[in-house]
Amino acid sequence: MAALGVFDTANLNSGQKLAMKYFAVALPLFGAQILFGLLAGLQYLIPDFLFQVLDFSVNRTVHLNAMIVWMLYGFIGGVYWMLEDEAQHPVVGLWLGKLIFWILTIAVAIVVLVYLLIQIGPAEMSTIWFIMEGREYIEAPRWADIGIVVSVLVFFFNVAATFSKGRYTGIGGVLVLDLLALFGIYLAGMFYTPNISVDQFWWWWVIHLWVEATWEVLVGCIMAYMLIQTLGVRRKIVETWLYIEVALMFGSGILGLGHHYFWIGTPQYWLTIGGFFSALEPIPLVAMVVHAVFDSGVHKLRNSNHPALAWTIGQAAGNFFGAGVWGFMHTLPQINLYTHGTQWTASHGHLAFFGAYSTAVIAFFYLAAQKSRGNVWMSGNIVGGWKWKWSMAFLWIGMIGMTMALLIAGYEQSQIERAVGGSTWMAYFEAQSHPWFMQAMTWRQISGYIFGLGYILLVWDLLTIGKRETRSVSELHAEQPQPA
Amino acid sequence: MTTEAWWASPSLWRKTAVWITGGSFVILVFLTFDTMAYISAGGKQVPGYSIINQRVDYQYDDEKKRYLPVIGPEEPLFGKMLTEEEAKALVSKGKLTTQAKNCMQCHTLLGNGAYYAPDLTKAWLDPWWGNKEIREQQMVDFLMNPQDRLHNALGRRMPNLNITEEEARATVAFLKWMSAINTLGFPHNFKAIDQSAASAQQ
Ligand code: HEM
Ligand code: HEM
Ligand SMILES: [Fe+2]
């Protein structure tokens, strides 16, 4: 084993080595997401900026696709990271997993280059197959869809076969079933129809049943592992909580899908079903907060990795506020009639994706940073410990600033454009040029720069944390007997 | 905690999770089938494609207390009556244009998409097209050359997306068809362009 504090993949098991590859792609893609978000945001302030070069639509597409891909890479990495520990068995079919990593990554690179350089095509099916599909979040052209499906099948095989050969823990069982659902749902987004109502009906199956059902449960699984790792919580407690969370999450989230079926041509009963079940969706998120806070309290925050634990607690809080509170605020049809498709939605989208998913992946980055330097000390008084704290502070301040600015813009828009103006072309621009709206866009941009600064610090910190540390985790554990 | 309370047992919660998930999913599948009867073209809330042969309006329904599409007399798009098949092909071309040019990363359709430009759900009925006689041509001209037609004080323009005349006409057909979907009152309070016979005489 390499010396303490020196980066060396010899410290990792083979699943974790593969996970490092996924993390190494996820982190720069996170940077790309921020860069293109900033470009799109700037176009609200300077409409001629990059006009007909990189139009708003191009920047926004890259912003969102980079987000989806880096988060999925983070999740896949997270699963490979915990796989051998959980299953107590080396990854089955590892070489195939490695091969697929390269194929997937090359495909992602080609797709992004086409978005940036070719951008749009003629109204022919060939555009859908080779350039992009023009459907928010799942623009990836059909050839790439097929590649993605094949890749995730291999990933799924790695995971399911490893648990089967090793041992199926409670976390493992939930994980395998959830991955199956997650990938199955993707197929609902892979066809063309002239009918926009049918199109959006299935589009929401993918988007909603991902972020409000299967992704939540996936993150629930990897966060359960995280709590066992950083705090040493007992497995039985963690797994019982996980089952409760799955019951609550799927019980509310599956029919909560109806909150997207209010105004797209779908029948009236969805107003009741969607309103009711989606209003229950915050409950599992409260349960997750209780779980994280309770466990941290029981273990007196004594843990082996401060940054990872801080981001884990941040995940519980961010998920609760971004998805639970911000989602609840506009989920009843009586409110959604006016807020639907305004900056209100953008406010919620930002806080929810960051709060629930970015935080979870960042926590994993820190776990990886620690282990790849030989399980160095990452608790109190780490050398250079200001970096992770400041990076975390900037990222949260930037995100909260953006969320609040967009919320104000959203209130203004839903009143002036929607309620009063009736959403005409003229009413739209009346709301967009109102000083309240324009100030909000300026503040969103400033907050975005703060967020960007946080990201730069994060990268610097991940590359250096633990470098000059001479203490190891075991010293911490020697001080205090580990909870059983 | 040596003796385990029944409500804290993992197996109880595992079973609960499985049953709740399965049950919810079965209900969703059932509702999906039912919903298809409303949203397939020619269904209870989404019109057949040949609706573009008729006038489409959007009015407040006093009884239901919401705005709803109102289908009027024959008013064929570009003055040409189409069969259901022909209309479907045209609308489909328009829909494909919206995907191939990525309209939804600037606009919302039925309220979903991006927020950089106006919602297009009722674009066909927007008063800014002037009057109903020139509307069709205005829309085609705008879609083909939006970059030199600025309508707002912010200077926020729509870029040229290399839309051909054929694609532009198809897109207008798609927009007209979309405006006839019963969206249960979204957008609320939208005041449609005047399409009465009186306006036609001017
Ligand atoms: C981590 C979980 C969640 C994430 C990542 C998330 C993200 C998003 C995003 C990105 C959108 C906009 C989609 C678009 O582009 O059109 C959206 C829409 C929406 N979300 Fe969430 N969401 C989450 C959870 C929730 C929850 C728990 C609720 C309700 C309690 C909720 C309620 C809504 C509603 C009502 C809309 C539709 C907004 C509109 O009509 O424009 N979300 N969500
Ligand atoms: C530097 C920071 C960022 C800036 C300046 C920024 C800017 C933007 C802009 C301008 C849009 C388009 C909104 C519209 O259509 O009007 C957008 C959409 C979006 N961004 Fe960001 N963004 C940033 C960071 C993030 C982060 C960190 C996340 C999540 C982790 C995120 C998630 C999203 C989502 C989900 C949408 C779609 C929202 C919707 O459709 O409702 N963004 N962003
Ligand atoms: Fe949703």
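Sequence lines set the chain letters: A, B, ... in the order given, protein chains first and strands last, and positions in each chain run from 1.
Options B:N112, B:I163, B:L161 differ in how many heavy-atom pairs under 4.5 Å they form with chain A, and the most are formed by B:N112. Put simply, of A:W204, A:F277, A:W203, the one with the most heavy-atom pairs under 4.5 Å next to chain B is A:W204. With respect to chain B, the highest number of heavy-atom pairs below 4.5 Å among A:R135, A:K236, A:M249, A:H260 belongs to A:K236. Among B:S11, B:S9, B:C106, B:C103, the residue making the largest number of heavy-atom pairs under 4.5 Å with chain A is B:C106. Of the listed residues (A:T193, A:I196, A:I128), the greatest number of heavy-atom pairs within a distance under 4.5 Å of chain B belongs to A:I196. For the set A:Y44, A:F250, A:Y428, the count of heavy-atom pairs under 4.5 angstrom toward chain B peaks at A:Y428. The greatest number of non-hydrogen atom pairs below 4.5 Å with chain A, out of B:T97, B:T164, B:L154, is found for B:L154. Heavy-atom pairs under 4.5 Å with chain B peak, among A:N195, A:L242, A:T240, at A:N195. Counting heavy-atom pairs closer than 4.5 Å to chain B, the top-ranked of the candidates A:V198, A:T345, A:V246, A:T266 is A:T266.
The ring of A:W263 has its center no closer than 6.0 angstrom to the ring center of B:Y67.
Contact annotation for A:T127: only side-chain heavy atoms (C-beta onward) come within less than 4.5 Å of a heavy atom of chain B. With a 4.5 angstrom heavy-atom cutoff, B:T21 touches chain A via backbone and side-chain atoms both. Proximity to chain B (any heavy atom under 4.5 Å) is shown, for A:W241, by neither the backbone nor the side chain. Interface residue B:W129: only side-chain heavy atoms are found under 4.5 Å from chain A. Only the side chain of A:I273 comes within contact range of chain B, with heavy atoms under 4.5 Å apart. Both the backbone and the side chain of A:Q432 come within contact range of chain B, with heavy atoms under 4.5 Å apart. Only the backbone of B:A8 has a heavy atom closer than 4.5 Å to any heavy atom of chain A. Of the atoms belonging to A:A213, not a single heavy atom falls under 4.5 Å from chain B. Of the two parts of A:T342, only the backbone, made up of N, CA, C and O, holds a non-hydrogen atom closer than 4.5 Å to a non-hydrogen atom of chain B. Interface remark: B:W177 contributes side-chain atoms only to the contact with chain A (heavy atom separation under 4.5 Å). Using a 4.5 Å cut-off between heavy atoms, A:W344 does not touch chain B at all. Contacts of A:V420 with chain B are made by backbone atoms alone, with heavy-atom separations under 4.5 Å and no side-chain atom involved. For chain B, the nearby parts of A:P122 are the backbone and the side chain; heavy atoms of each come within less than 4.5 Å. Neither the backbone nor the side chain of A:N336 comes within contact range of chain B, judged by heavy atoms closer than 4.5 Å. Neither the backbone nor the side chain of A:Y261 comes within contact range of chain B; no heavy atom of the residue lies under 4.5 Å from a heavy atom of that chain. No part of B:L12 comes within reach of chain A, as not one of its non-hydrogen atoms sits under 4.5 angstrom from that chain. Interface remark: B:A114 contributes backbone and side-chain atoms alike to the contact with chain A (heavy atom separation under 4.5 Å). Neither the backbone nor the side chain of A:L248 comes within contact range of chain B, judged by heavy atoms closer than 4.5 Å. Using a 4.5 Å cut-off between heavy atoms, A:E245 does not touch chain B at all.
By the side-chain contact (heavy atoms from CB on, under 4.5 Å) test, B:K65 pairs with B:Y60, B:D62, sequence neighbours left out.
Residues A:L209 and B:L28 form a side-chain contact, since some pair of their non-hydrogen atoms from C-beta on lies under 4.5 Å apart. Side-chain contact check for A:Q200 versus B:M104: some heavy-atom pair is nearer than 4.5 Å. Side-chain contact between B:Q45 and A:P267 is present, with heavy atoms from C-beta onward closer than 4.5 Å. Proximity of A:L64 to B:Q105: side-chain heavy atoms (C-beta onward) are separated by under 4.5 Å at one or more points. Taking 4.5 Å as the limit, every side-chain heavy atom of B:N189 sits out of range of all side-chain heavy atoms of A:S423. Contact check for A:F429 versus B:H151: no side-chain heavy atoms found under the 4.5 Å cut-off. Taking the side chain as every heavy atom from C-beta outward, A:R60 and B:Y115 approach each other to under 4.5 Å.
To the nearest 0.5 angstrom, B:H188 atom NE2 is 15.0 Å from A:H340 atom NE2. Distance check: B:K101 NZ to A:S57 OG gives 11.5 Å after rounding to the nearest 0.5 Å. Here the straight-line distance linking atom CG of A:L257 with atom OG of B:S24 works out to 11.5 Å at 0.5 Å rounding. Going from atom CD of B:E167 over to atom CD of A:E124 covers 7.5 Å, rounded to the nearest 0.5 Å. Residue A:W425 holds its CH2 atom at 9.5 Å from CG of B:L120, rounded to the nearest 0.5 Å.
Across all non-hydrogen atoms, the minimal contact from A:R418 to B:F186 is NH1-CE1, 3.4 Å. In this structure, B:G155 and A:P47 approach most closely via the heavy-atom pair O-CB, 3.3 Å. When every heavy atom of B:Y116 is checked against every heavy atom of A:Q43, the shortest pair comes out as OH-O, 3.2 Å. Summarising the geometry of B:G185 relative to A:L337, their closest heavy-atom pair is O-CD1, 3.7 Å, with the distance given to 0.1 Å. Residues B:Q99 and A:E133 share a closest heavy-atom pair of NE2-O, 2.7 Å. Residues A:P194 and B:K88 come closest through the heavy atom pair CG-CE, 4.1 Å.
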Test side-chain hydrogen bond (donor to acceptor under 3.5 Å, both in side chains) on A:T61 and B:N102; report intermediate values, then the result. CA-CA 9 Å; A:T61 302; B:N102 218 356; 3.0 Å; yes
Checking B:S92 against A:Y192 for the side-chain hydrogen bond (donor to acceptor under 3.5 Å, both in side chains) test, could you report, in this order, the C-alpha distance in whole Å, the side-chain angles of both residues, the deciding distance, and whether it holds? CA-CA 10 Å; B:S92 183; A:Y192 170 79; 3.2 Å; yes
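Counted within 6.0 Å of CD on B:Q147, heavy atoms from surrounding residues, nucleotides or ligands total more than 12; the atom is thus considered enclosed. Heavy atoms from other residues, nucleotides or ligands lying under 6.0 Å from CZ of B:F142 number more than 12.
Scanning residues 29-40 of chain B against chain A with a 4.5 Å heavy-atom cutoff picks out B:L31, B:T32, B:D34, B:T35, B:M36, B:Y38, B:I39, B:S40, ordered by number.
Looking at A:Q52, its side chain does come within 3.5 Å of a backbone N or O of B:N160 through a donor-acceptor pair. Without hydrogens or angle criteria, B:K93 side chain to A:A123 main chain gives a donor-acceptor distance under 3.5 Å. Side chain of B:D126 to main chain of A:T424: no donor-acceptor pair is present (N/O by atom type, distance under 3.5 Å, no hydrogens or angles).
Judged purely by distance below 3.5 Å, without hydrogens or angles, the side chains of A:S433 and B:N152 never pair a donor atom with an acceptor atom.
Checking B:V46, B:I181, B:L110, B:T183 one by one against A:I264, the side-chain contact (heavy atoms from CB on, under 4.5 Å) holds for a single residue, B:L110.
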